[in-house]
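The structure appears right after this line, and notes come after that.
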Amino acid sequence: MKLLITGAAGFIGSALTHALRTGGHTVTAVDDLSVISPRPCPDGLQARDVRSLTPRDLDATDTVVHLAAHKSVPRSFEVGAFEHNTAVDRHLIHSFTASTARRLLLASSCEVYGQQTGPLAEHAPHAPRSPYAAAKVSTEHLADIYRPCLERGRQLGIVRFFNTYGPHEDADAVVPAFLDAATTGRPLTIEGDGTQARDLTHIDDAVTMLTRIINAPALLPVVNCGSGRSVTINELADAVLRATGRAGRGPINHTAARPNEISSFTADTTLFTRTYGPIEHRPLDQALSDTLQERARTWTLTGTPR
Ligand SMILES: NC(=O)c1ccc[n+]([C@@H]2O[C@H](COP(=O)([O-])OP(=O)(O)OC[C@H]3O[C@@H](n4cnc5c(N)ncnc54)[C@H](O)[C@@H]3O)[C@@H](O)[C@H]2O)c1
């Protein structure tokens with residue numbers, strides 16, 4: 001299969017590019033390198049802004065996977081972040097519809113669900129609480145608008161990622177920040193009281209889910225990509241201290257909660273499992289030790305938080 005991946009130097013994009021190439025697919029990798037990253041770039045990466053892609057660049061591609069975005073929720077409150085993500089997504093959806101590419105898979109986020117209780121199924125209403133989430137909602141609406149206009153056989157799907165973690169994640173994300181603090185003997189810093197729960201999905205499991213979505217004959221209009229299990233940030237801190245041999249030996253610092261903090265995200269994985277089959281998600285403790293080992297082997301922290 002011939003694919004084009006945007007955001008291919010990113011955390012998910014680089015792992016997906018590697019997995020698809022290993023599986024024998026041809027992948028054109030595009031990223032403007034606007035986000036400083038601790039990962040090696042995929043071979044042959046085209047360093048360009050998504051907004052410079054024309055329909056001709058997408059022609060003859062079977063599947064375009066659009067991952068490029070500025071993904072910081074707190075930073076999305078600054079002027080320009082919402083505008084960037086909506087402009088990039090609007091441009092790519094438009095270029096796709098004017099091209100001969102067969103399918104477009106767009107990255108969305110659990111953030112579109114906002115503050116709701118219980119496992120979050122795809123039919124739950126949108127309730128964004130940040131400009132980042134509002135931009136993803138806008139992209140999902142654009143997809144709904146364009147989907148019925150596509151010729152037969154062409155498809156436009158949305159995948160809603162929950163919190164993906166693992167080796168090569170950016171240093172300022174919660175798991176690497178905790179691992180870095182714990183392994184260097186510094187206190188772990190928790191925003192708020194730490195009772196907020198997150199559905200943590202290991203990058204290898206997220207890539208397995210994505211490759212199943214891509215290899216299936218048809219894209220679903222929207223599907224969750226999460227583990228279906230959540231842990232509180234306090235539980236994650238305990239697990240990191242255990243994995244680094246510092247169990248019961250904090251200390252932990254608490255800082256102010258984020259604006260509009262969401263208390264819980266847990267994916268309802270029923271639709272994914274029914275459509276693509278079950279996934280055996282890595283247990284957190286084992287995944288943290290694996291991440292530590294991998295980190296010791298390959299991680300070079302940039303020291304430049306974003
Ligand atoms: N990682 C997660 O836990 C998570 C959760 C929910 C949603 N998502 C979404 O999944 C997608 C991928 O996430 P990620 O973790 O790999 O993010 P990432 O920040 O690691 O990678 C995004 C990449 O997009 C590139 N980029 C940004 N703007 C661009 C532009 N205009 N043109 C070309 N490239 C551009 C950046 O340079 C970066 O390499 C994003 O859309 C993100 O919003 C991720």
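Both ligands and their constituent atoms are indexed starting at 1 by order of listing. These numbers come from a predicted model, not from an experiment.
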| request: Please confirm whether Arg154 makes a cation-pi placement over Phe96, using NZ or CZ under 6.0 Å from the six-membered ring centre and within 45° of the ring normal. | output: yes
| request: Give the single entry among Val73, Leu67, Thr201 that approaches atom 12 (C) of ligand 1 most closely by any heavy atom. | output: Leu67
| message | So, 4.0 Å and heavy atoms of Arg39: is ligand 1 close enough to count as a contact? | response | yes
| task | State the atoms of ligand 1, each with its element, that fall below the 4.0 Å cut-off from a heavy-atom position in Leu33. | result | 37 (O)
| said: For the residue pair Gln115 / Ser263, report whether a side-chain donor-acceptor contact shorter than 3.5 Å exists. | reply: yes
| field | Contact atoms of ligand 1, heavy-atom distance to His70 under 4.0 Å | value | 27 (C), 28 (N)
| field | Full working for side chain to side chain contact (heavy atoms under 4.5 Å, CB included) between Leu3 and Leu20 | value | CA-CA 9 Å; Leu3 299 105; Leu20 289 170; 4.1 Å; yes
| Mind checking whether His84 has a heavy atom under 4.0 Å from ligand 1? | yes
| query | Which atoms of ligand 1 have any heavy atom of Gly10 under 4.0 Å away? | reply | 16 (O), 18 (P), 20 (O), 21 (O), 39 (O)
| Should the pair Asp31-Arg48 be classified as a salt bridge under the 4.0 Å nitrogen-to-oxygen rule? | no
| Heavy atom of Val88 under 4.0 Å from ligand 1? | yes
| said: At under 4.0 Å between heavy atoms, is it the side chain or the backbone of Val30 that contacts ligand 1, or both, or neither? | reply: neither
| field | N-O pairing of Glu261 and Arg198 below 4.0 Å | value | yes
| remark: Closest to atom 9 (C) of ligand 1 by heavy-atom distance, out of Phe162, Phe265, Tyr132, is Tyr132
| message | Can you check which of Val112, Ile36, Asp32 brings a heavy atom nearest to atom 35 (C) of ligand 1? | response | Asp32
| message | Less than 3.5 Å apart, any donor N or O on the side chain of Ser108 or Glu140 sitting next to an acceptor on the other? | response | yes
| query | Which of the listed options, Val50, Val174, Thr139, Asp31, holds the heavy atom that is closest to atom 36 (C) of ligand 1? | reply | Asp31
| Quick check, are the ring centers of Tyr165 and His202 under 6.0 angstrom apart? | yes
| request: May I have all residue pairs that pass side chain to side chain donor-acceptor pair (under 3.5 Å) and include part of residues 269-281, sequence neighbours excluded? | output: Asp268-Thr270
| request: Go through ligand 1 atom by atom and flag the ones less than 4.0 Å from a non-hydrogen atom of Gly7. | output: 23 (C), 24 (O)
| said: Looking at Arg39 and Asp170, is there a salt bridge between them, counting it only when a charged N and a carboxylate O are closer than 4.0 Å? | reply: yes
| query | Is the shortest distance from a heavy atom of Lys136 to ligand 1 less than 4.0 Å? | reply | yes
| request: Just jot down the ligand 1 atoms closer than 4.0 angstrom to any heavy atom of Ala9, in number order. | output: 39 (O)
| If you measure every N/O of Phe161 against every N/O of ligand 1, is any gap under 3.5 Å? | no
| query | Out of Ser108, Ala107, Ala173, Cys110, whose heavy atom is nearest to atom 7 (C) of ligand 1? | reply | Ser108
| query | Do NZ/NE/NH1/NH2 and the carboxylate oxygens of Asp62 and Lys2 come within less than 4.0 Å? | reply | no
| note | Within the 4.0 Å heavy-atom cut-off, what Asn163 brings close to ligand 1 is backbone
| Asp204 with Arg282: basic N within carboxylate O range, under 4.0 Å | yes
| message | Any atom of ligand 1 sitting under 4.0 Å from a heavy atom of Ser37? | response | no
| said: A quick test of your reading: do over 12 heavy atoms of other residues, nucleotides or ligands sit less than 6.0 Å from NE2 of His254? | reply: yes
| query | With a 4.0 Å cut-off on heavy atoms, does Arg48 reach ligand 1? | reply | yes
